[in-house]
Chemist: 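The structure that follows is given in the form of structure tokens.
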Amino acid sequence: MTKDGFVKHDKRSVSRYYLNVSDNVETKIVQDDEEILLYELYEPYTAVEITIEYISLIKQLTGG
């Protein structure tokens, strides 16, 4: 966790996160220039599980 309250993910870290969404702390996912505002998608204090999956480009393109 950074000093400003962010949790950073890299390939060596955990592949599953559990968190409670809150509009009080504006829970969100930031990737490059994109922000997914979880606090707008879920009711306050909803428990959310986020998993990280690495899918090859071929599978992404073919849907398999």
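Predicted, not measured: the structure shown is a model, and the values here were computed from it.
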Chemist: Excluding sequence neighbours, so at least two apart, what forms side chain to side chain donor-acceptor pair (under 3.5 Å) with Y18?
Modeler: none
Chemist: What pairs of residues pass the side chain to side chain donor-acceptor pair (under 3.5 Å) test when at least one of them lies in residues 43-53, not counting sequence neighbours?
Modeler: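 Side chain to side chain donor-acceptor pair (under 3.5 Å) check on residues 43-53 returns R16-E49, N24-Y45.
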Chemist: Can you name the residues that form a side-chain contact (heavy atoms from CB on, under 4.5 Å) with I58, not counting sequence neighbours?
Modeler: S56, T62
Chemist: Give the minimum heavy-atom separation between D23 and Y39, together with the two atoms involved.
Modeler: CA-CB, 3.7 Å
Chemist: Q60: what forms a side-chain contact (heavy atoms from CB on, under 4.5 Å) with it, not counting sequence neighbours?
Modeler: I55
Chemist: What's in the same ILVMFWY side-chain cluster as L61, cut-off under 4.5 Å, chained through other members?
Modeler: L57
Chemist: What side-chain donor-acceptor pairs closer than 3.5 Å can you find for residues 27-36, not counting sequence neighbours?
Modeler:
residue	atom	partner	partner atom	Å
T27	OG1	S22	N	3.1
T27	OG1	S22	O	3.4

